Amino acid sequence: MTDATPTAPVAGTIGPIVLDGGAAPRPGARADEDLLDGLNPQQREAVTYRGQALLIVAGAGSGKTSVLTRRIASLLRNREAWPSQILAITFTNKAAGEMRERVEHLVGDSARGMWISTFHSACVRILRREAEQFGFTKSFTIYDSGDSRALIKRLVKEHEADAFGLTPAATQGKISKLKNELADAESYARTANMSDPAERVFVELFAAYQRELQRANAFDFDDLIAQTVFLFRAFPQVADVYRRRFRHVLVDEYQDTNHAQYALIHELTRPPGSDAAPLAGSGGMMIFEAEPAAEDGASLTVVGDSDQSIYAFRGADIRNISEFEKDYPGAKVVLLEQNYRSTQNILSAANAVISHNFDRKDKRLWTDVGEGEKIIGFTGYSQHDEAQFVADEIEALRRAGVDYSQMAVFYRTNSQSRALEEIFIRSALPYKIMGGTKFYERAEIKDALAYLVAVANPADEMAMRRIINRPRRGIGDVTIETISRYAVDQQITFRDALANSSALGVGPKIQAAIAHLDAVLAEATEIMLPASGELAPPTAVADGLQLLLNKSGYYDALRASKDAQDEARIENLDEMVAVAREFARNNPEGTLLDFLTEVALVSDADDLEDASGSVSLMTLHTAKGLEYDAVFVTGVEEDLIPHRISAGEPGGPQEERRLFYVGITRARQRLYLSLAMTRAQFGEVTVAMPSRFLQEIPLELLHWRQSPGDVNSRGGTQSRALNARRGGFGGSGSGSGKRYGDDLVPLARREPTGNLERFANKIPSKVRDNGDLELAPGDRIRHDDFGEGRVDAVTGEGAKRVAHVRFDVAGPKKLLIKIAPISKL
DNA sequence: AAGGACAAGGTTTTT
DNA sequence: CCTTGTCCTT
């Protein structure tokens, strides 16, 4: 092992917090010996290495969380660090919670002072402390993407930016991207082509957006990171406080960091006092550090796997990890390649697929648990057929003793879940859809939160505008503008303008409505933020919310509604109040602000494990970081995975391949890959082609229950396996005529024509087309696979016509007439 | 100001 | 197919 440089316990702190039975460790003995139990040499190295910078390249299933938590525990046990000196950063709250739990399990209560949190919540903590330094208050609100979209939408309208092709969505995307690169309107203006009027308008929009955020005392998600970086750069003495505090910074999923996050880590791990160089801020202020830098920067540990980088589309920069050694000269790199999750067959398939990405460091996962089952492939006629296969197989697995909660079905796009759901409901399979419609994105929940924000941060005009006519109070655009203008004239906030309803010059009915809303908000404020200075009771948030919903008339309006959906909305609001009560139980000291922060930063993906007793359905993206005994990857088709839109994006196909790779490597024991020959999308039936990624899996690993060839071939005499081999893959033009740039090239070169038989997935060059074959109830037909049968009914129109056929042997089936391998007798 | 009728458009996702 | 947004009427 390495020369682990022992670091002296930090001076000036109090009492040992080590739970090692009291005795100080003998020289040479490690207090963390038990932490290394069961670890392989590479993992041990990753736990025990001490130095400025460490990169742990952790392949899927290689035990990285274990290594990370033990590394933290070992720092604490060896008294190399106090809990307060540790900052561990993850991407999701769920991951943070899990890590905290596991560290606590190892070291007990001493885990308490650590910061184990997401990038965003760590930044919120810092910003709440320092907001006053740069024109915000502690009670700033956090705009989620919906909030910021609403604001941008208003600004786009005001600036008539639509005319320049600047839609709200495009503007939001561009601003977000720029913020992730730490650009602001001013710096962007310097590089942009300002002779282009569209660019000028965009810069104007960007600046206006930022002004509005500041006016509302609000940060959007991207700001939380970027503004923290700006804060550190503008106020080095503030940055030094955190640099001195955090001596060990650990970052999980480093391959998913964007530039702003990278810069934040960089700022945090610089030596304190290293900003001694004069810094000319925009205000022209010059800052000199009195003392020369005496301390080192914090030690940095990052964990990641560039093969699992699937968030480039939202700014993740894979170079952060691939160039780590350049960024941190002298960095140690530890490679974890032994996989403790999957069978060798699954890993071999994963390795084979991912090896088609060029420009990647070679890394081969291996395991010693043995080959395991073959991967099962299935091709359905339609997505319903495919879903039926999945359902049948899940039932078979259940009978074989696999728990529902240990099975998962993945798909590329959320819309694919529908067909699966239909079949699952019909088959009475318990399932749970992960991360579908977000609880906190529902309109009624956003309304409830806007009421709370109106109390917590009266400067937030967005929240006020949202609630002012919800429930309907007869206040429309005209009145809102009247109030807004009055507020500007009087130099008060929109919220305070409500208190002067009589001065607004509006009709008596509207005036009464405004006065009522003002009174309700005031009453809620007294409960949640008592002016007298006494502490609000823990239940204040829940009570205040309840009061707001009752007295505002929100509940009444829903109850009076005829719309059936409104009943569900009431339930959702009740749930929201329950969330507030639960928050009070867990955080007796928690304030309204704490509650709003938690709600803004917590996502539904954080309660993923609630799936006890159910099969989990989710997108491939959501699947990252999870594992199941049996995994179904569905819709393995061209234009889906890889997704059509990715084809045009640089690096798109490669990212799609990583996504597929992530899906495969979630499986412990059994992996199923399925697709459909036709897929109904947007009401249109389209013909689907097997995904190119299927070609990349060696034949011997994959057993086709029904291959693409089976579904299309006419011949009933040859075995399915032989059918599968006919017709050559990738064939002449393969229908779509599309060329996918870089992606097909490596395969074509590596596999000259003679060797094609090694691959299981022949992509048929033609899809069957029966034209407008007419069928009527009572007709006898012959099907290539199912034999003879009688048509019961015909439904649908045109290309979507479906024959309901009762086969003599195979039983009832539904067939798409246009493409099914059938003929009329 | 509010509700109904039609057109448009529709990856992936965390925070 | 289904959601979302805009326009038009009352």
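The analysis underlying the following values was restricted to heavy atoms, covering all of them including side chains, and did not include hydrogens, waters or symmetry mates. The structure presented is a predicted model; accordingly, all values stated were derived computationally and were not measured. Chain letters run A, B, ... following the sequence lines, proteins first, then strands; residues in each count from 1.
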| field | Axial cation check for A:F660 ring with A:R657, 6.0 Å and 45° limits | value | no
| Honestly, is A:R128 close enough over A:F140, meaning NZ or CZ under 6.0 Å from the six-membered ring centre and within 45° of the axis? | yes
| field | From A:I142, A:T118, A:L264, residue fulfilling side chain to side chain contact (heavy atoms under 4.5 Å, CB included) relative to A:L224 | value |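 It is A:I142; the other options fail the test.
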Spacing of [X] atom [atom1] relative to [N] atom [atom2], expressed in whole Å:
{"X": "A:Q416", "N": "B:dT13", "atom1": "CD", "atom2": "P", "answer": "11 Å"}
{"X": "A:R154", "N": "C:dG5", "atom1": "CZ", "atom2": "P", "answer": "17 Å"}
{"X": "A:K509", "N": "B:dA2", "atom1": "NZ", "atom2": "P", "answer": "11 Å"}
{"X": "A:R149", "N": "C:dT4", "atom1": "CZ", "atom2": "P", "answer": "11 Å"}
{"X": "A:K94", "N": "B:dT15", "atom1": "NZ", "atom2": "P", "answer": "11 Å"}
{"X": "A:M434", "N": "B:dT14", "atom1": "CE", "atom2": "C1'", "answer": "17 Å"}
{"X": "A:L659", "N": "B:dT13", "atom1": "CG", "atom2": "C1'", "answer": "11 Å"}
{"X": "A:I433", "N": "B:dT12", "atom1": "CD1", "atom2": "P", "answer": "13 Å"}

| said: For A:K177 and A:Q172, which I'm curious about, is there any donor-acceptor pair between the side chains at under 3.5 Å? | reply: no
| said: Is a donor from one side chain sitting under 3.5 angstrom from an acceptor on the other, for A:Y143 and A:D460? | reply: yes
Between N or O atoms, less than 3.5 Å apart, protein on one side and nucleotides 9-11 of chain B on the other: list the pairs.
residue : atom : partner : partner atom : Å
B:dT11  : O4   : A:E649  : OE1          : 3.3
B:dT11  : O4   : A:E649  : OE2          : 3.0

For [X], report the nucleic acid contact type (base, sugar-phosphate, nothing); a contact means any heavy atom under 4.0 Å.
{"X": "A:S148", "answer": "nothing"}
{"X": "A:N469", "answer": "sugar-phosphate"}
{"X": "A:F91", "answer": "sugar-phosphate"}
{"X": "A:D477", "answer": "sugar-phosphate"}

Presence of [X] side-chain N/O under 4.0 Å of [N] phosphate oxygens OP1/OP2:
{"X": "A:N93", "N": "B:dT15", "answer": "yes"}
{"X": "A:T622", "N": "B:dT13", "answer": "yes"}
{"X": "A:S145", "N": "B:dT13", "answer": "no"}
{"X": "A:R314", "N": "B:dT15", "answer": "no"}

| query | Mind telling me whether B:dT11 is syn or anti, cutoff 90° either side of 0? | reply | syn
| query | Applying the side-chain hydrogen bond (donor to acceptor under 3.5 Å, both in side chains) test to A:K179, which of A:D184, A:D222, A:D223 qualifies? | reply |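 Exactly one candidate clears the test, A:D223.
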| said: Side chains of A:Y242 and A:L87, heavy atoms from C-beta outward: is any pair under 4.5 Å? | reply: no
| message | Quick check: on DNA chain B, is the nucleotide nearest A:G476 upstream (toward 5') of the one nearest A:T619, or the reverse? Name the residue that is more 5'. | response | A:G476
| request: Return the 5'-most residue of the pair A:A600, A:I510 with respect to DNA chain B, ranking by each residue's nearest nucleotide. | output: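 Nearer the 5' end of the strand: A:I510.
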| query | What interatomic distance, in whole Å, is found between P of B:dT13 and the corresponding atom of C:dT4? | reply |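 It works out to 16 Å between them.
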| said: Is it true that, when you exclude A:K174 itself, more than 12 heavy atoms of the residues, nucleotides or ligands shown sit nearer than 6.0 Å to its NZ? | reply: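 Yes, enclosed.
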| Taking N and O atoms by type only, does the side chain of A:T118 place a donor or acceptor under 3.5 Å from a partner on the base of B:dT14? | no
| field | Side chain of A:H120 - closest among B:dA2, B:dT15, C:dG5 | value |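 Looking only at side-chain atoms, A:H120 lies closest to B:dT15.
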| Nearest to the side chain of A:H621, which nucleotide is it out of B:dT15, B:dA1, B:dT12? | B:dT12
